[in-house]
There are 2 protein chains.
Amino acid sequence: MAIYIALLHYPVYDRQERVTATALTTLDIHDVARLARTYGLKGFYVVTPLQSQQTLARRLIDHWVTGRGAAYNPTRMEALSLVRIADDLEAVVTGLEQEVGRKPKTVATTARRYAGSRSFGEIKKLLSKRGDAPYLILLGTGWGLTREAAEGADYLLEPIGGKEYNHLSVRTAAAIILDRLLGGVAR
Amino acid sequence: MAIYIALLHYPVYDRQERVTATALTTLDIHDVARLARTYGLKGFYVVTPLQSQQTLARRLIDHWVTGRGAAYNPTRMEALSLVRIADDLEAVVTGLEQEVGRKPKTVATTARRYAGSRSFGEIKKLLSKRGDAPYLILLGTGWGLTREAAEGADYLLEPIGGKEYNHLSVRTAAAIILDRLLGGVAR
């Protein structure tokens with residue numbers, strides 16, 4: 001079964017819990033692309049409504065996939081080949097549905113505790129079933145996906161759960177989430 | 001038992017497998033400090049022989065721990081309070097021995113497969129024993145710790161083990177390693 005990941009720069013909270021569109025962090029694109037390749041994902045969507053940020057993302061990807069970076073670092077090319085750019089989550093879902101023939105099930109991740117979240121074990125089990133709908137894992141930048149975005153997903157994953165401290169970067173959170181959900185699966 | 005982590009900028013390989021000292025990546029310091037705080041580590045050593053890089057690290061830490069960053073983002077202060085700067089691994093080991101009263105056992109991590117490496121399960125068991133020597137987990141920047149540095153450690157941890165692709169950033173590798181070794185431990 002096909003698993004995809006999306007890094008959402010909107011709609012997410014800023015530090016005052018206002019809904020915002022964050023700027024791109026280029027290292028996030030590298031890190032999540034390398035994770036996506038490591039854990040056998042089929043694609044990694046960088047989602048932002050800001051055209052200037054899309055241009056930046058595309059320049060970065062082109063450099064590593066078809067530009068001078070490809071020869072300089074072929075393993076980076078391999079990872080960044082997985083990156084796709086989209087305006088919003090809706091476009092990702094619609095595009096994937098057209099491509100794969102089935103609507104993807106979304107799995108939101110968040111550091112906050114919301115009612116109805118599923119354990120890592122439950123989601124791992126879901127993802128390991130073959131022949132199921134494609135899955136799309138959602139990561140939020142900034143201070144995290146908005147409540148509406150999190151609760152609007154088909155599944156909501158429990159927080160990683162630092163008991164006293166719960167402030168990881170989205171890069172390192174993505175690493176832990178993918179390893180917990182897919183690390184044991186031979187891919 | 002006390003666990004520490006060290007991010008070594010020397011001695012590591014560059015892309016041509018020459019031994020080098022890498023430059024600091026400031027995001028690594030933030031990310032690993034936040035991981036260290038999340039997983040209850042007692043300290044995080046940024047190790048570099050380059051004085052200019054030590055100055056940069058110290059400025060970053062001061063900003064977040066005692067400067068304007070402390071009020072702006074207290075959770076960042078909490079994480080970066082764990083950071084210490086050292087010239088080399090020997091200084092870390094000697095300093096810890098003086099502080100804790102026992103020589104730390106070192107655990108090297110690497111993406112390469114070397115003979116004699118221990119599984120995540122074995123090292124997790126070691127770390128979970130109370131009353132043991134302090135442990136010091138070693139991370140390499142660049143293209144990884146040199147063979148001598150890896151084999152010179154008390155323990156060598158097996159690679160994370162992407163089967164087809166084994167090129168994670170040190171930040172995301174640190175996240176996966178700490179979660180596998182300490183994620184289940186209530187701290």
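Every chain is numbered from 1 and lettered A, B, ... according to where its sequence line falls, protein lines coming before strand lines.
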(request) Determine whether more than 12 heavy atoms belonging to other residues, nucleotides or ligands lie under 6.0 Å from atom CD of A/Glu90. (result)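 Not buried by this count: 12 neighbours or fewer within 6.0 Å.
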(request) Please say whether more than 12 non-hydrogen atoms of neighbouring residues, nucleotides or ligands are located less than 6.0 Å from OH in A/Tyr10. (result) no
[atom2] on [Y] to [atom1] on [X], rounded to 0.5 Å:
X: A/Leu27; Y: B/Asp28; atom1: CG; atom2: CG; value: 8.0 Å
X: B/Arg171; Y: A/Leu168; atom1: CZ; atom2: CG; value: 14.0 Å
X: B/Thr38; Y: A/Asn166; atom1: OG1; atom2: CG; value: 7.5 Å

Please say yes or no: joined through hydrophobic side-chain contacts below 4.5 Å, possibly via intermediate residues, are [X] and [Y] part of one cluster?
X: B/Val170; Y: B/Leu181; answer: yes
X: B/Leu7; Y: B/Ile85; answer: yes
X: B/Tyr135; Y: B/Phe44; answer: yes
X: B/Leu82; Y: B/Leu24; answer: no
X: B/Ile3; Y: B/Val92; answer: no

(message) So does B/Asn73 get a backbone contact from the side chain of A/Arg15, meaning a donor-acceptor N/O pair under 3.5 Å?
(response)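 Side chain of A/Arg15 to backbone of B/Asn73, a donor-acceptor pair under 3.5 Å: no, none is there.
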(request) Name the region of B/Ala33, side chain, backbone, both or neither, that has any atom closer than 4.5 Å to a heavy atom of chain A. (result) neither
(message) Minimum heavy-atom separation for A/Tyr165 and B/Glu78, please, with both atom names.
(response) CD1-OE2, 3.7 Å
(request) Could you tell me which of A/Arg76, A/His30, A/Arg34 has the largest number of non-hydrogen atom pairs under 4.5 Å with chain B? (result) A/Arg34
(request) Under 4.5 Å heavy-atom distance to chain B, tell me which part of A/Ala79 shows up: side chain, backbone, both or neither. (result) both
(message) Quick check on side-chain contact (heavy atoms from CB on, under 4.5 Å): which of B/Asp179, B/Leu178, B/Leu35 does A/Thr172 satisfy it with?
(response) B/Leu35
